[in-house]
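Written below as structure tokens is the structure these notes are about.
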Amino acid sequence: MRDFASCFSEYAVQVSDTSCSSYSSNSCISPNSIPSVQNSVTCLYRAALSSKRHVLITLTWCKNSLSQGLNITFSGDDPAAAATFKLNTNSRLFRKLKGSKSIEFHNTNIEIFWDLYAARYESGPEPVEGYYILITFDSDLVFSLGDTAHEAHPRKLRPNPTRTAKSSLISRQEHFSGNTLYSTRTRFCENGSAHDIVIHCSGENDGLKYPILSVSIDKKTVIRVKRLQWNFRGNQTIFLDGLLVDLMWDVFDWFYNPGAPGNAVFMFRTRSGLDSRLWLEEKMVQKDLDKVDFSFIIYACKNL
């Protein structure tokens, strides 16, 4: 499969506002359709320490028929020197729902605090409420996640107003398997609202001669691609939360790789209105630590 950057035109495309889309809010989804199963969620955060160092923190929530767990990885300039913390990836239920762990990383003491005892889950591997995860670097709070994290701060940490550290979410990846209906929810900026996203590929089972791809955000259809087997790669730009968001799709394997389970990729990426081109190859590899873009990627495996 070709790389993403080479698949799309460098020229900006039409911007559509999800609140006034020219498409119908009806995505032609049968009420009997069952969404695909979410197998894992991976979130990548860039942490800026008080020492001016930058560290990447990767959280992966995973779930299958035999196990459920959480992996946290810390990495820097050298990926081979990464440190990983695994929480109960070999058991169906978390063995230790509440606790703490200390690890060393590049001469830095990292402490991880978690409480998943009252966590509530929906269909995916990631909890939706009733939990927290806190991470400190040399006693500086760098990362907090969960709706009960604010309650744990004063109990777990000694505040130091003279030292500041922060982390920013730069990408989120979700892996699905099942049919061709994918339903999820995400934010495109830190202070933005959470948006419901539905991706659906209609085909013969829906009474159509040619497959159609539709993507809806908050029940408004933002793109509708006809004759998908010929338009298997493409892009569209939407306007959301005051941001330009590039939506790109690649479903080549669904149609032209029959020897393996069909894999498709859907990518949402925020960009500045000053960007003159949709996607720059050099921007994908640059290490500009002062600017945080956000990418949301859905990997969709269609079972044969």
Side-chain angles (χ1 to χ4, degrees), residues 16-19 21 23 25-31 33-45 58-64 68 70 116 118-133 143-150 167-201 213-224 236-249 264-271 292-302:
S16 61
D17 190 336
T18 58
S19 65
S21 173
Y23 300 111
S25 60
N26 182 2
S27 301
C28 302
I29 299 176
S30 169
S33 298
I34 301 176
S36 295
V37 177
Q38 188 184 71
N39 306 117
S40 68
V41 176
T42 298
C43 295
L44 176 63
Y45 297 84
T58 305
L59 270 71
T60 299
W61 303 88
C62 53
K63 179 181 179 181
N64 56 41
Q68 180 175 349
L70 168 65
L116 300 168
R120 185 177 70 84
Y121 298 82
E122 293 182 344
S123 59
E126 183 181 30
V128 294
E129 65 180 12
Y131 77 103
Y132 71 75
I133 297 174
F143 177 85
S144 65
L145 182 68
D147 59 321
T148 62
H150 64 283
S167 60
S168 302
L169 178 64
I170 59 177
S171 76
R172 178 180 173 90
Q173 300 178 10
E174 299 184 4
H175 290 252
F176 289 84
S177 62
N179 52 35
T180 56
L181 175 60
Y182 310 95
S183 178
T184 187
R185 186 174 176 86
T186 194
R187 286 183 171 84
F188 291 94
C189 58
E190 185 175 358
N191 298 321
S193 302
H195 297 281
D196 294 312
I197 299 175
V198 175
I199 300 174
H200 184 225
C201 179
L213 173 68
S214 63
V215 178
S216 300
I217 299 180
D218 298 333
K219 299 183 179 181
K220 296 290 185 178
T221 304
V222 295
I223 68 166
R224 195 163 186 264
Q236 176 80 355
T237 304
I238 61 178
F239 190 71
L240 197 64
D241 294 337
L243 299 170
L244 287 174
V245 180
D246 297 321
L247 165 58
M248 291 156 278
W249 66 91
V265 182
F266 303 93
M267 178 184 291
F268 299 80
R269 184 179 186 272
T270 61
R271 64 181 169 109
V292 177
D293 294 322
F294 174 70
S295 297
F296 176 49
I297 306 173
I298 295 175
Y299 293 94
C301 178
K302 183 179 69 170

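Just so we're clear, the structure is a prediction, and the values are computed from it rather than from any experiment. Quick note: residue numbers are just sequence positions, from 1.
Going from atom OH of Y45 over to atom CZ of R172 covers 7.5 Å, rounded to the nearest 0.5 Å. Once rounded to the nearest 0.5 Å, the distance linking CG of L244 with OG1 of T270 reads 9.5 Å. The structure places CD of E126 at 9.0 Å from CG of L59, a figure rounded to the nearest 0.5 Å. Atom CD1 of I170 is separated from atom CG of L44 by 4.0 Å, given to the nearest 0.5 angstrom. For the atom pair CG (D218) and NE2 (H195), the distance works out to 5.5 Å, reported to the nearest 0.5 Å. Distance check: D147 CG to Y131 OH gives 7.0 Å after rounding to the nearest 0.5 Å.
The heavy-atom pair separating T221 from S214 by the smallest distance is CG2-CB, 4.4 Å. Contact detail for K63 and P125: the closest heavy-atom pair is CB-CB, 3.5 Å. Considering all non-hydrogen atoms of both residues, F188 and L243 come closest at O-CD1, 3.9 Å. Of all non-hydrogen atoms in S167 and F143, the two that sit nearest each other are OG-CD1, 3.6 Å. Scanning both residues, Y121 and Q68, for their nearest heavy atoms gives CE2-NE2, 3.3 Å. The minimum heavy-atom distance linking S144 with A149 is given by the pair CB-CB, 4.1 Å.
The side-chain heavy atoms of V215 and I238, taken from C-beta on, include no pair separated by under 4.5 Å. In this structure, the side chains of C43 and L169 come closer than 4.5 Å at one or more pairs of heavy atoms. Contact check for N39 versus N64: no side-chain heavy atoms found under the 4.5 Å cut-off. Between S183 and D196 the shortest side-chain heavy-atom distance does not fall below 4.5 Å. For the pair R271 and D246, the minimum side-chain heavy-atom distance is below 4.5 Å.
Ring pair Y182/F266 is tilted by interplanar angle, where 30° to 60° counts as tilted.
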* Asked: Would E122 and R185 count as a salt bridge (charged side-chain N to carboxylate O under 4.0 Å, His left out) if you check the C-alpha gap in whole Å, the side-chain angles of each, and the deciding distance to 0.1 Å?
  -> CA-CA 12 Å; E122 293 182 344; R185 186 174 176 86; over 6 Å; no
* To do: Determine, stepwise, if the pair F268 / T186 fulfils side-chain contact (heavy atoms from CB on, under 4.5 Å).
  => CA-CA 11 Å; F268 299 80; T186 194; over 6 Å; no
* To do: Evaluate the criterion side-chain contact (heavy atoms from CB on, under 4.5 Å) for residue pair L240 and V222; output intermediate values, then yes/no.
  => CA-CA 11 Å; L240 197 64; V222 295; over 6 Å; no
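T184 pairs by the side chain to side chain contact (heavy atoms under 4.5 Å, CB included) definition with Q38, E174, F176, I197, F296, I298, not counting sequence neighbours. Looking at residues two or more places apart in sequence or on another chain, you find a side chain to side chain contact (heavy atoms under 4.5 Å, CB included) between R187 and A194. For H175, the ring pair (Phe, Tyr, Trp, His ring centres under 6.0 Å) criterion is met by Y299, not counting sequence neighbours.
In this structure, the side chain of S36 engages the main chain of L181 through a donor-acceptor pair within 3.5 Å.
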